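Just so it is clear, the model here is predicted, and its values are computed rather than measured. All values below were derived from every heavy atom in this structure, side-chain atoms included, with hydrogens, water molecules and symmetry-related copies excluded. Note on naming: letters A, B, ... go to the chains in the order of the sequence lines (proteins, then strands), and numbering restarts at 1 for each one.
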Amino acid sequence: MPELPEVELARQVLADALGREVRDVDDHDDWVCRPHAPGDIAAALRGGKLTEAHRRGKTLWCETENADGEPGPNLGLHLGMAGQLRFAGRSGPPGPRRFRGRDEKPEWFRFGLTFADGEQLRLFDTRRLSRVRLDPDLDALGPDAGEVSRTDFRTRVGRGRAPVKARLLDQSVLAGIGNLLADETLWQAAVSPARPVHELTADELTDLHKALRKSLRAAIKHGGVHTGEIIGHRRAGDHCPRCGAEMAHGTVGGRSTWWCTKEQA
DNA sequence: ACTCGTGTTAGCTG
DNA sequence: TCAGCTAACACGAG
């Protein structure tokens, strides 16, 4: 589920946890918490508190403070393909119907923080591809896709010979763009996903940057990337909502890709 | 039964 | 060495 817009909403949930004493930590899932052993994260955080909630691209992390007020390790969270963060008893994130009401089965509970006031922040993930780890390495991430300047965007995305969609999905180039947001951005800019970046003009790169900002703003406002204009048309036999031409399907950069056969030729 | 997938990454190839 | 690609990861949905 999560791309940059969803993760930003998750960050806002996480921000609600700041400043409260951590009474207990459930880090039983050794796959989600790898390479830490069960109990390691609990031992590092118990008695302390989270002090700041940050996000770059799809990666979340919190600064922490131990019981003596000394700086503690950063707590890193990545929601993978299907992770959701929520306080027990509060409503979950917006999203497609199929994700609602089916996401709180006990077996999908992967990680939890219980605070001294009794509230519990929970990570649910059907697919178990979320990651929780101490002091995550952020060096491999490019600048946040929502913050990057037009010039920086053109330099980074325009470098190399890969198909432009592969470049947009590369988290070391820009952090935060996932498969749906890439299709939405390319459709908004009317650029073919398979075009090698070295063939793109400066104008096309500028259009892509504009389209990215527009798509991001709309997705954050409306509750997620699934609200994008082209997303509902990523189906066999469907048509482009702008020109009516048929949608095409294929694999670009290793990911399932849909584009307009006429405008993104 | 069988295929697909809103993400990441180790390992392979040229 | 680097850029790019593929398979694997785990598991529910269609």
Between A:Trp31 (CH2) and B:dG7 (P), how many Å, whole number?
18 Å
In whole angstroms, how far is the P atom of B:dT8 from the CG atom of A:Asn179?
11 Å
Do [X] and [Y] pair up side chain to side chain, a donor and an acceptor below 3.5 Å, judged on atom types alone?
| X | Y | value |
| --- | --- | --- |
| A:Ser172 | A:Asp170 | yes |
| A:Asp125 | A:Ser130 | yes |
| A:Lys165 | A:Asn179 | yes |
| A:Thr206 | A:Arg154 | yes |
| A:His249 | A:Ser256 | yes |

Scan [X] against the nucleic acid and name what it touches under 4.0 Å (heavy atoms): base, sugar-phosphate only, or nothing.
| X | result |
| --- | --- |
| A:Gly254 | nothing |
| A:Arg128 | sugar-phosphate |
| A:Arg131 | nothing |
| A:Arg167 | sugar-phosphate |

Return the nearest nucleotide to the side chain of [X]; candidates are [options].
| X | options | answer |
| --- | --- | --- |
| A:Ala166 | C:dA10, C:dC5, B:dG5 | C:dC5 |
| A:His249 | C:dG4, C:dA10, B:dG5 | B:dG5 |
| A:Pro163 | C:dG12, C:dC5, B:dG7 | C:dC5 |
| A:Lys58 | C:dG12, B:dG7, C:dG4 | B:dG7 |

So, with a heavy-atom separation below 4.0 Å from DNA chain C, the residues of residues 208-218 of chain A are none
Dot-bracket line, read 5' to 3' along DNA chain B, where crossing pairs take [ ] and | marks a partner on another strand, Watson-Crick or G-U under 3.5 Å
.||||.||||||||
Got a second to check how far A:Glu107's CD is from A:Phe124's CZ, nearest 0.5 Å?
10.0 Å
Span that lies between the P atom of C:dA10 and that of B:dG11, in whole angstrom:
15 Å
Do side-chain atoms of A:Asp27 reach the backbone of A:Ala42 as a donor and acceptor pair under 3.5 angstrom?
yes
Is A:Arg242 positioned over the aromatic face of A:Trp187, cation under 6.0 angstrom from the ring centre and no more than 45 degrees off axis?
yes
Judged by each residue's nearest nucleotide on DNA chain C, which is more toward the 5′ side, A:Arg127 or A:Gly253?
A:Gly253
Aromatic plane relationship, A:Phe87 with A:Phe115 - under 30° parallel, 30 to 60° tilted, over 60° perpendicular
tilted
